[in-house]
Colleague: 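Below is a structure I'd like to ask you about.
Throughout, protein chains are lettered first and strands after them, A, B, ... in sequence-line order, and every chain is numbered starting at 1. This one's a predicted model, so the numbers in the text were calculated from it and none came from an experiment. These numbers come from the heavy atoms of this one structure, side chains and all, not from hydrogens, waters or symmetry mates.
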Amino acid sequence: MATQTHTKPPQAVLQYRGKNFDASAVETFLYDWWDASGFFTPGPERPGEKPFVMMLPLPNVTGDLHLGHALGFGGYEDLMARWHRMRGEPTLWLPGSDHAGIIAQIVVEKELAKEGAGRKGKDSSPTLGLSRAEFLAEMWRWMDHYKPRIYKQLRMLGCSLDWTRVHFTMDPDMQRRVRIHFIRMYRKGHLYRADRIVHWCLTCQTTYSDLEALHVVRTDQLSYVRYPWAQPMPAGTPDVVVATTRPETIVADTAVAVHPDDPRWKGLIGREVLVPVSERKVKLIGDLAVDREFGTGVLKVTPGHDATDFEIGQRHGLQVLSAIDTRGFMTPAAGPLAGLDRDTARTAMIERLKEKGLLVRQEPITHNVGIHDRCETVDEPLVMKQWWMKMAPLAKPAIEAVRRGAVRIVPKYQEKIYFEWMENIRDWPVSRQIWWGHSIPVWYCTDCNEIVVPDEDAPDPTACPKCRSTELRQDPDVLDTWFSSALWPHSTLGWPEQTPDLARFYPGSVLETGYDILFFWVARMLMMGIENMGDIPFQTVYLHGLVTTERRKMSKSKGNVVSPVGMIEEHGADALRYALVNGIAAGADSEFSEGKLENGRRFVNKLWNAGRFGLAQLEARPSALTGPIDVAPTGPDLTEADRWILSRTEATVEDLTRLLEQYQFGEYATALQQFVWTELADFYIELAKPQRRPAGSLDAAVRTLAYVLDRVLRLAHPSIPFVTETLALQLWAHGRTSDDAPSLVVSAWPKPGARDAGLEDRFGLAIEVIRRIRERRQEADLDPRTKVQVALGGDAAPLQPFAEIIASLTGAEVRFGGGEGAPTLVRAVEVRVDVPREAATDRARLEKELADALVLLEKTRVLLGSEFATKAPAPVIARERAKLAEREAAVASLRSELAKA
RNA sequence: GGACCCGUGGCUCAGCGGUUAGAGCACUCGGUUCACAUCCGAGGGGUCGCUGGUUCGAAUCCAGCCGGGUCCACCA
């Protein structure tokens, strides 16, 4: 990357030699160096380039990272960003944080309470004393404290974010963009102001949207209350009895409703009853929303305090009475209950009903109750004037974009959930009655009630354009925090100006986040991106699963949130990042466990030590390196083992590249570990040790090690950047690479080189033979230092070149052909391990092997004798036939041995 | 109430139509401390939730049921 001004790598990293990898010794040095060197900033635009662009799912500014963030940011997103960057794509991963509206306000209010201040004029405030302007000044003061804090945590995770482009949703320029967006949406008629029933939080003193309402199961008293007929009725007319959990709202009833087809009530619809206590006459109406099965089949209709009832009320033109105010106290409209809080009012109402003989009975009921997701206060539905966004027209093209494949959701089944929600989308209440947030660019004229919305980039209005009055009052509300984050993919790049960044980086490539904010954020970004840009904001949505504890989603309210910060400090970011991703399928939830973290730590350490071994060999023979490290070594001095690990390395390059292309990050991590630990460390490094090398091949081992390490470090870097970079810098100090990369961050992702599939297969057979010999030794309970004779017979010719390797790894003397003792079979190879065994035991083992072999042979025979032989695909049949031959040979061999025994 | 996901060895998870179903942890046994206060080697352990169906062939596809989870929803 041409223009980057990288400095020399930190000495502390170059010199770090710990026997066990101590991440804390290198992490901060490396991150600061990467950042300062500009590695995370895309270089200048090149013609024909295909940039990789991702937006960080902006964390709440006052929040702490939790494991879900560690999984998303560190596990998947940084992995993708680093991988694409290494593939040569100019990569922009844009960081930022969300002002988090009500959450941040609550956090800071608590801080201020400690200092003895708070919001003025709100009774719910911890303390009094601050004007709105003073309070906002305090908010900004606290932002200076929280912003570096959350950004520091992102850096700890190793996220390769472009900090030169960091944004905060409340930055002045972002406020301007939000204001322009609001004005445009208003002029287009997408935003409107209306009296509707909304969720109201008595604690937070604000409205909130359906998405922010949670439901919990609770047991309450269900009271059956009789509403006397308002006029004399014929004998035998049933009593009107409603069942309610909220008797205090009876005073705001403006109808009672039954199902229009309910035979019990059919003829009575239109008659009137008396609302208990308030003695008001209301009609019995018929509405389809009524459930005939529930209670008595009669519903009390309270449009002012229940969402269903509000809708019924609208259909029937019912009056809306508000009996509860925004602080939860009964209003004058509540008559005798006026002034009581809602809980006291409930008890009082029950007492009055009892006195009047209208309380029929009470019984416990278990039902769902809505609560505010931020504070868990029980929802108080109220009718209020709010700003709403009309969603259906915006949803349409966003649905279409996914349907026609312009936007792809991974895993695919999440698309169904997306469609389901988008097709039934409801209007979005966007105003909030708090102070911290984007203000609404709307003024109301005190004199003529005109609504004044200024032009884009116009100053705040000072006079009413209609009546010239200067008595203008700005809407005191602020916008839902998701209103600004919905614009994130284009607002951060400069919209509405046609900036170079916007032209170059919009639309983005991938949006990675947890599936739990699909609606909150992803869907809204799609809608606003299409609306404002005329184009989708990203091509792929990758949704990861939840990190659970005891099978449950982590959430603050459950108190089961685990912090990754301590884990990073203790085990290193690499270990954590790797542990979270390893072995987890796309989109699957995963239970966090210490065991995973431990495995991650050990894997990182394993790689570190494999690297240390390689470096030590290189230091011992510095002249061995003749060309660039990353050019595959050749030459007659390469051993079979060298050529094998080289071929396996290329195979691993192929596999891992494919897995990443398919978003199979869990499999990528597992395959990486398999290769590094088993093939590289347990087999190759053992064979690369000088004491095991044939004379004259020591340099070849060094060259091979250096090359394989270089490949592996590149392959592993996207997931475990710190340990790989530490090793790469030290490795590259010994010689150059063909890409001359100053850092793995900006090095080239390997392209697979030539493989020798035949060699891989033959070496694989040798490994199987080695394992069988070890097994026989173990069975025989031999002292490990004892040399044994091993004779390889049958079809052992392919193993000739590996005789030394087999001998070296099993402590055996290997001969071909002949040999004493009964064989054990590995594919078509007869392995005779000459161990002192009694004939009887030996015979028993042969008999068991034969029995097993016969079972397998029979299985294959039956299969090939069935319809399989005519209906299965040819290659599958061919494989089975080959197996048949192998198994027949095995049986024959065992039989002849048994005859001799 | 609806939708979706999951149910595979003691634990955490892969595999999602074709060899004797894999990995890590845990467990048993045997070594080692010469890259790895560790590591190496070997082993035991699974009727792939249940019941049907489709198929030459099902852990894998379909249906129903049971259990767990998540989301959506106006049952008072």
Colleague: Could you run through nucleotides 34-45 of chain B and give me one letter per nucleotide, 5' to 3': B if any protein heavy atom sits under 4.0 Å from the base, S if only the sugar-phosphate is that close, - if neither?
Modeller: BBBS-SSBSS--

Colleague: Verify the contact: side-chain N or O of A:K553 to OP1 or OP2 of B:rC71, cut-off strictly under 4.0 Å; return yes or no.
Modeller: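 So the side-chain polar atoms of A:K553 do come within 4.0 Å of the phosphate oxygens OP1 or OP2 of B:rC71, strictly under.
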
Colleague: With a 3.5 angstrom cut-off on both distances, give the Watson-Crick or G-U wobble partner of B:rG9, or none if there isn't one.
Modeller: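 Across all strands, not a single nucleotide pairs with B:rG9.
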
Colleague: Please pick, from B:rA76, B:rC56, B:rC74, the nucleotide with the shortest atom-to-atom distance to any side-chain atom of A:A872.
Modeller: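 Side chain of A:A872 sits closest to B:rC56.
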
Colleague: Can you figure out which of B:rG18, B:rC4, B:rU70 approaches the side chain of A:Y515 most closely?
Modeller: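 In terms of side-chain proximity for A:Y515, the closest of B:rG18, B:rC4, B:rU70 is B:rU70.
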
Colleague: Does A:R524 make a cation-pi contact with A:W428, if we ask for NZ or CZ under 6.0 Å from the ring centre and within 45° of the axis?
Modeller: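 Yes.
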
Colleague: Using 4.0 Å as the upper bound for N to carboxylate O, is an ion pair formed by A:K883 and A:E886?
Modeller: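 Salt bridge: no.
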
Colleague: Taking 4.0 Å as the cut-off, does a side-chain nitrogen or oxygen of A:H215 come that near to OP1 or OP2 on B:rC72?
Modeller: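 So the side chain of A:H215 is outside the cut-off, no N or O lying under 4.0 Å from OP1 or OP2 of B:rC72.
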
Colleague: Which value, in whole Å, describes the distance between the P atoms of nucleotides B:rG49 and B:rC16?
Modeller: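 Pairwise P distance, B:rG49 against B:rC16, rounds to 16 Å.
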
Colleague: Taking the basic N atoms (NZ, or NE/NH1/NH2) and the acidic carboxylate oxygens, is any pair closer than 4.0 Å for A:K596 and A:E594?
Modeller: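 A:E594 and A:K596: not salt-bridged.
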
Colleague: Tell me what A:F603 touches on the nucleic acid: a base, only sugar-phosphate, or nothing, going by heavy atoms under 4.0 Å.
Modeller: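 Nothing, no nucleic acid heavy atom in range.
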
Colleague: Across all strands, who's sitting opposite B:rA63 as a Watson-Crick or G-U wobble pair, both distances under 3.5 Å?
Modeller: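 With both distances under 3.5 Å, B:rA63 matches B:rU51.
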
Colleague: Does B:rU20 have a Watson-Crick or wobble partner in any strand here, with both distances under 3.5 angstrom, and which is it?
Modeller: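 Pairing partner, where one exists within any strand: none, as none qualifies.
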
Colleague: Less than 4.0 Å between a side-chain N and a carboxylate O, is that true for A:K300 and A:D253?
Modeller: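 Counted as a salt bridge, because a side-chain N and a carboxylate O are separated by less than 4.0 Å.
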
Colleague: Can you confirm if the aromatic rings of A:Y515 and A:Y418 lie within a centre distance of less than 6.0 Å?
Modeller: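 Ring centres of A:Y515 and A:Y418 not closer than 6.0 Å.
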
Colleague: Please work out if A:P873 contacts a base, only the sugar-phosphate, or nothing of the nucleic acid, heavy-atom cut-off 4.0 Å.
Modeller: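 The residue A:P873 makes base contact.
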
Colleague: Is the closest basic N to carboxylate O distance between A:E775 and A:R771 below 4.0 Å?
Modeller: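 Salt bridge flag = no for A:R771 with A:E775.
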
Colleague: Is a salt bridge present between A:R887 and A:E858, judged by a nitrogen-to-oxygen distance below 4.0 Å?
Modeller: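 The answer is no: the pair does not qualify as a salt bridge.
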
Colleague: Of the nucleotides B:rU19, B:rC74, B:rG18, which one has an atom closest to the side chain of A:R426?
Modeller: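 Shortest atom-to-atom distance from the side chain points to B:rC74.
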
Colleague: Counting side-chain heavy atoms from C-beta on, which of B:rC74, B:rC13, B:rU19 comes nearest to A:A307?
Modeller: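 Within the option list, the nearest is B:rC74.
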
Colleague: What integer number of Å spans the C1' atoms of B:rU54 and B:rU8?
Modeller: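 It comes out at 22 Å once rounded to the nearest Å.
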
Colleague: For atom NZ of A:K848, decide whether the heavy atoms of other residues, nucleotides or ligands shown that lie under 6.0 angstrom number more than 12.
Modeller: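 No, the 6.0 Å shell around NZ holds no more than 12 heavy atoms from other groups.
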
Colleague: Of the nucleotides B:rU20, B:rA76, B:rG15, which one has an atom closest to the side chain of A:L856?
Modeller: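 Looking only at heavy atoms from C-beta outward on A:L856, the closest nucleotide is B:rU20.
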
Colleague: Any strand is fair game: report the nucleotide pairing with B:rG43 by Watson-Crick or G-U wobble, both distances under 3.5 Å, or none.
Modeller: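 Pairing partner: B:rC27.
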
Colleague: Output yes when A:D761 and A:R827 qualify as a salt bridge under the 4.0 Å nitrogen-oxygen rule, no when they do not.
Modeller: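 A salt bridge links A:D761 with A:R827.
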
Colleague: Could you tell me the separation between the CG atom of A:D291 and the P atom of B:rC74, rounded to a whole number of Å?
Modeller: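 It works out to 15 Å between those atoms.
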
Colleague: Closer than 4.0 angstrom, basic N to acidic O: yes or no for A:E779 and A:R776?
Modeller: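 Counted as a salt bridge, because a side-chain N and a carboxylate O are separated by less than 4.0 Å.
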
Colleague: Would you measure the distance from the P atom in B:rC6 across to the matching atom in B:rC13 and give it in whole Å?
Modeller: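 The answer is 13 Å between these two P atoms.
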
Colleague: May I ask which nucleotide in the shown strands pairs with B:rC71, Watson-Crick or G-U wobble, both distances under 3.5 Å?
Modeller: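 Here B:rC71 is engaged in a pair, and the nucleotide opposite it is B:rG2.
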
Colleague: Enumerate the protein-to-nucleotides 6-11 of chain B contacts in which both atoms are nitrogen or oxygen and the separation is below 3.5 Å.
Modeller:
none

Colleague: Please measure how far the C1' atom in B:rA59 lies from the corresponding atom in B:rG46, and state the result in whole Å.
Modeller: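 Those two atoms are separated by 11 Å.
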
Colleague: Please state the C1' separation for the pair B:rG44 and B:rC5 - nearest whole angstrom.
Modeller: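 These two C1' atoms come out 34 Å apart once rounded.
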
Colleague: Suppose you measure atom C1' in B:rC61 against the same atom in B:rU20; what distance do you get, rounded to whole Å?
Modeller: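 Their C1' atoms lie roughly 24 Å apart.
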
